[in-house]
Structures are given as C-alpha cells and as structure tokens.
Amino acid sequence: MSDAFAELIGSLDPALVVVTTALDGERAGCLVGFHAQSSIEPARYCIWLSKANHTYRVAQRSAHLAVHLLADGDADLAKQFGTRSGDEVDKFAELAVDEGDAGVPLLQRCPRRLLLRRVALLDEGGDHVCISCEVVAVHGASDGDFRPFRLSHAAGWEAGHASEERPEPPTERAAGGRQAAN
Ligand SMILES: Cc1cc2nc3c(=O)[nH]c(=O)nc-3n(C[C@H](O)[C@H](O)[C@H](O)COP(=O)(O)O)c2cc1C
C-alpha cells in the first residue's frame, strides 16, 4: 500500500519549496513537498511539517512563516534545506537573508514567496502536522518565466530528519527530570 501510494503521488512530481520561520531570533527552515493553496477567498495556504524537524518545533510557537518557491537552478539550496538540520547547522549562515515579520528569514535568492500568518494547526496523529495560514503578502508573482524545482530533481536525497524520528529527550522538562533522577 505505502509503495503504491508513494509512486502514485510521486507521479504528480510536486514543486518543492523552502519554508522558513523564526522565534526570538532562532531561525529555522526546511525543504517541503507537502504544501498547497486551500482557499481562494479568504486566501489560505497549508504547509505540512514533519514532527521530526527543527523547523516544526520553531513553527509550533511562531505565528509567521514564509514559503519560498524554488527554481530549477536552486538544487544546492534545496539540498541544503532538505538534507541538513537546524539541530546541527545554521543553514542561513552563508546566505543573503532579509527579515520579515517577527524575524522570519527571507532568502534573497528566492524572490517568489508567500508571507504567511498561521491561523490553525491540525495534528491528527500522523507524522506531519498541517499548518493552515492566511496569505499576508505575495512577492514576485509577475517575474517572468519560472520553472519550478520538483520532487523528481531530488531523487535519492536523504532528508535531514527521517519522518519517524523524534527529539530525545522529547522536552526540556523530561531532560530535567532525568538529570534529577540520576
Ligand atoms: C524531497 C524532500 C521533500 C520533503 N518534504 C518535506 C515536507 O513536506 N515537510 C517537512 O516537514 N519536511 C520535508 N522534508 C524533510 C526536511 O526538509 C528535512 O528533514 C530537513 O533536513 C529538516 O530540517 P530541519 O530539522 O532544520 O527542520 C523533505 C525532504 C526532501 C528531501
């Protein structure tokens, strides 16, 4: 079932994006294939973030996000955001970055963007959580020809965090409890 599911959905060859967010100066961002417009009026956009990801943990507490459309020449950027984790590296260190609302990183290399504000979060028990957002601003809509970077361009890449991973210890409180017990 899961192979057939992956094969069928993969045949749609979705465009990949980089989603960024920030909280209290902590910047986060990852490559995302699960994303879609979900309402016309009002304009809504949904992103599904893996519970394994640093970006998810920051997004849980941040109301602001940005979706960067990747062009077919952005493989290096896609790889950086999809195969490395903010748990280990600062993905933004070498990049030209502007700041959006609440310090959300805006990648200068990716002028086609949505600036979003979270309106709801749905966790129905799967390994990804749906973040439904209001579209606050749209950048670069009429910037000429655009060929997206797609899932098929990322064949064989290993995600920075596998979707079944979970932080260990799961919370700061759990870490404190363990230290107290030792
Ligand atoms: C092709 C591809 C598609 C991905 N799609 C998603 C996605 O839709 N949602 C998500 O949260 N992570 C997705 N990932 C995984 C993250 O981009 C990856 O684990 C990243 O390294 C996490 O970084 P972080 O820990 O700094 O957030 C995808 C990775 C790849 C290679």
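Every number for a ligand or one of its atoms is a count from 1 in the order of the listing. Fair warning: this is a prediction, and the values are worked out from it, not measured in the lab.
- Electrostatic pairing of D123 and K51 counts as a salt bridge here, judged by a charged N lying under 4.0 Å from a carboxylate O.
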Name each N or O atom in ligand 1 that is under 3.5 Å from a protein N or O, and give the partner atom and the distance.
| unit_1 | atom_1 | unit_2 | atom_2 | d |
| --- | --- | --- | --- | --- |
| ligand 1 | 5 (N) | G33 | N | 3.1 |
| ligand 1 | 8 (O) | G33 | N | 3.0 |
| ligand 1 | 8 (O) | F34 | N | 2.9 |
| ligand 1 | 9 (N) | W48 | O | 3.0 |
| ligand 1 | 11 (O) | S50 | N | 2.6 |
| ligand 1 | 11 (O) | N53 | ND2 | 2.9 |
| ligand 1 | 12 (N) | N53 | ND2 | 3.2 |
| ligand 1 | 14 (N) | L31 | O | 3.2 |
| ligand 1 | 17 (O) | L31 | N | 3.2 |
| ligand 1 | 17 (O) | L31 | O | 2.7 |
| ligand 1 | 19 (O) | N53 | OD1 | 3.4 |
| ligand 1 | 19 (O) | G160 | N | 3.3 |
| ligand 1 | 19 (O) | H161 | N | 3.0 |
| ligand 1 | 19 (O) | H161 | O | 3.4 |
| ligand 1 | 21 (O) | G82 | O | 3.2 |
| ligand 1 | 21 (O) | R84 | O | 2.6 |
| ligand 1 | 21 (O) | G160 | N | 3.2 |
| ligand 1 | 23 (O) | R84 | O | 3.4 |
| ligand 1 | 23 (O) | K91 | NZ | 2.9 |
| ligand 1 | 25 (O) | H54 | N | 3.0 |
| ligand 1 | 25 (O) | S85 | OG | 2.7 |
| ligand 1 | 26 (O) | G86 | N | 2.6 |
| ligand 1 | 26 (O) | K91 | NZ | 2.9 |
| ligand 1 | 27 (O) | H54 | N | 3.3 |
| ligand 1 | 27 (O) | T55 | N | 2.8 |
| ligand 1 | 27 (O) | T55 | OG1 | 2.5 |

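- Legend: residues meeting ring-ring contact (aromatic ring centres under 6.0 Å, His included) with H128, ordered by chain and number and at least two apart, are F34.
- None of R27, E88, E26 except one satisfies the side-chain hydrogen bond (donor to acceptor under 3.5 Å, both in side chains) rule with H54; the exception is E26.
- Take D145 and apply the salt bridge (charged side-chain N to carboxylate O under 4.0 Å, His left out) test, not counting sequence neighbours, and it matches no residue.
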Taking distance alone, no hydrogens or angles, what donor-acceptor pairs closer than 3.5 Å link side-chain atoms of residues 91-100 to residues at least two apart or in another chain?
| unit_1 | atom_1 | unit_2 | atom_2 | d |
| --- | --- | --- | --- | --- |
| K91 | NZ | G29 | O | 2.8 |
| K91 | NZ | F81 | O | 3.1 |
| K91 | NZ | R84 | O | 2.9 |
| D98 | OD1 | Q108 | NE2 | 2.9 |

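- Taking a cutoff of 4.0 Å between a charged side-chain nitrogen and a carboxylate oxygen, R150 and D72 do not qualify as a salt bridge.
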